[in-house]
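Residue numbers begin at 1 in each chain, while the letters A, B, ... track the order of the sequences.
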Amino acid sequence: MAAPAPFHEHMPRQALALAGWAASWAVLEACLRAGGLDDRRQLLAFLAGLALAGAAAVLAARRPLFLLFTSVRFAVTQGAFLIAAVALGLAATRLGGPAALRSDAVLRSLWFCALLAVLAASMLTVTWKRRPYDLARAGFLLVHTAPSMILLGALWGRLQGQGSWLVRIGCASLLLGSAWMFYLKPPLKRRQAARKEAGP
Amino acid sequence: MTLWSALQAAGFASVTVASALGAATLARRSLAGRLEPWALHWTRAGFLLLGGALAAGGRWPLLPLQQWGLLSWLIFFAVLHVHRVPAFKGRTAVVAGLAGWALSAGAWLGLR
């Protein structure tokens, strides 16, 4: 019998883990709300909890976490999970579902922020893996650091009422980086290869 | 028409072209080698334009149509990463692209 795929390659188990992660933040959010904490304090508790969970995960399982966060399959699983969350929100809004499942509530919820935080952490880990940096990787680096900037800007905006500049820088990085990766780098690479073939 | 809605329309048109090319490769396997790179090219263009629409769209909480744009952007984020998994390259990636496009189109029809 073939050995089961490792966790960083096993998409159903990754989806279950993400469901557990989101569910634990949904429970925490409900507890914070029941405790009478306002939006700002909930966010501060979220950031503290995230820092603690991140530190504990890095101390306990640095290598498996590195493999997981740099796995393309995990990126697909995260994408699918976020799609399911937004689609659920849109469907609940359209069909008059429970208020907590409507898209406005989903996009502002701590569990959705926690999923975005995992996505941002994955992208930063992928960026770290690609060292040493050079001009050919500029697009990749811009694209993969942008979501962290957008998320930080959005959280800062909710805490302080400012931070949209960080979101704008993040969006600009995402667009410039994608344009570089998809359209500017390939012809440059081809030209370099042609020059190499032609010789000195 | 605002900038973000124009970008969104252009992005969705691009991924629609990509899906049509993907459907053609499924219908005729002999075309796969020629059409799949073009389908990926149009998916990338659509992803870029949908990202531009989100960036130009303003602050959260988003309007329903912008939320649909976020959903579509996430769908094509996943589709582009499916193309990067060696085991999914080819037919699976094309089917994922088509399923993503169908979900995006279905959500848009639902919002209307």
Side-chain angles (χ1 to χ4, degrees), chain A residues 5 9 11 71-91 93-95 102-108 112 115-116 119 122-123 126 143 146-147 150 153-154 157-158 161 163-164 167-183 186, chain B residues 4 7 11 14 37 40-89 92-93 96 99-100 102-104 106-112:
Chain A
E9 296 288 327
M11 293 168 76
S71 153
V72 186
R73 282 175 188 252
F74 187 53
V76 176
T77 311
Q78 288 183 85
F81 213 85
L82 289 167
I83 291 164
V86 178
L88 178 77
L90 282 173
T93 308
R94 182 70 185 151
L95 303 171
R102 293 187 187 173
S103 48
D104 284 345
V106 167
L107 295 178
R108 290 186 72 86
F112 191 76
L115 289 173
L116 291 180
L119 184 68
S122 303
M123 290 195 169
V126 170
V143 165
I150 295 171
R158 273 176 72 177
S164 57
V167 174
R168 281 178 203 285
I169 292 175
C171 289
S173 301
L174 194 65
L175 293 177
L176 281 175
S178 309
W180 177 267
M181 254 169 82
F182 298 156
Y183 300 108
Chain B
W4 69 262
L7 287 169
S14 289
L40 187 59
H41 176 77
W42 281 97
T43 306
R44 285 171 171 170
F47 177 74
L48 194 61
L49 289 164
L50 287 167
L54 278 181
R59 293 175 66 109
W60 289 35
L62 307 164
L63 298 170
L65 209 55
Q66 289 170 323
Q67 290 170 356
W68 169 81
L70 173 66
L71 175 71
S72 301
W73 186 83
L74 284 169
I75 286 171
F76 292 100
F77 161 86
V79 169
L80 285 176
H81 281 84
V82 165
H83 281 275
R84 305 276 308 165
V85 180
F88 296 159
K89 270 191 178 164
T92 311
L103 179 61
S104 175
W108 184 77
L109 286 175
L111 279 181
R112 281 176 70 85

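Judged by the 6.0 Å and 45° rule, B:Arg44 forms no cation-pi pair with A:Tyr183.
More than 12 heavy atoms of other residues, nucleotides or ligands shown are found within 6.0 angstrom of CH2 on A:Trp180.
Options B:Val82, B:Leu111, B:Leu48 differ in how many heavy-atom pairs under 4.5 Å they form with chain A, and the most are formed by B:Leu48. Ranked by heavy-atom pairs under 4.5 Å with chain A, the list B:Leu40, B:Ile75, B:Leu49 is led by B:Ile75.
Looking at B:Ala96, there are no atoms closer than 4.5 Å to chain A (heavy atoms on both sides), in backbone or side chain. Neither the backbone nor the side chain of A:Leu176 has a heavy atom closer than 4.5 Å to any heavy atom of chain B. With a threshold of 4.5 angstrom between heavy atoms, A:Leu90 approaches chain B through side-chain atoms but not through N, CA, C or O. In this structure, the portion of B:Leu103 lying under 4.5 Å from any heavy atom of chain A is its side chain and not its backbone.
With sequence neighbours excluded, the residues that form a side chain to side chain contact (heavy atoms under 4.5 Å, CB included) with B:Thr43 are B:Ala18, B:Phe76, B:Val79, B:Leu80. With sequence neighbours excluded, no residue satisfies salt bridge (Lys or Arg N to Asp or Glu O under 4.0 Å) with A:Arg102.
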Dump the intermediate steps for side chain to side chain contact (heavy atoms under 4.5 Å, CB included) on A:Leu119 and B:Phe77, then the final yes or no.
CA-CA 12 Å; A:Leu119 184 68; B:Phe77 161 86; 3.8 Å; yes
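Separation of atoms CG (A:Leu107) and CG (B:Leu70) is listed at 6.0 Å; rounding is to 0.5 Å.
Taking all atoms of both residues into account, the shortest heavy-atom contact from B:Ala78 to A:Ala80 is CB-N, 4.5 Å.
Using a 4.5 Å cut-off on side-chain heavy atoms (C-beta onward), A:Asp104 and B:Gln67 make contact.
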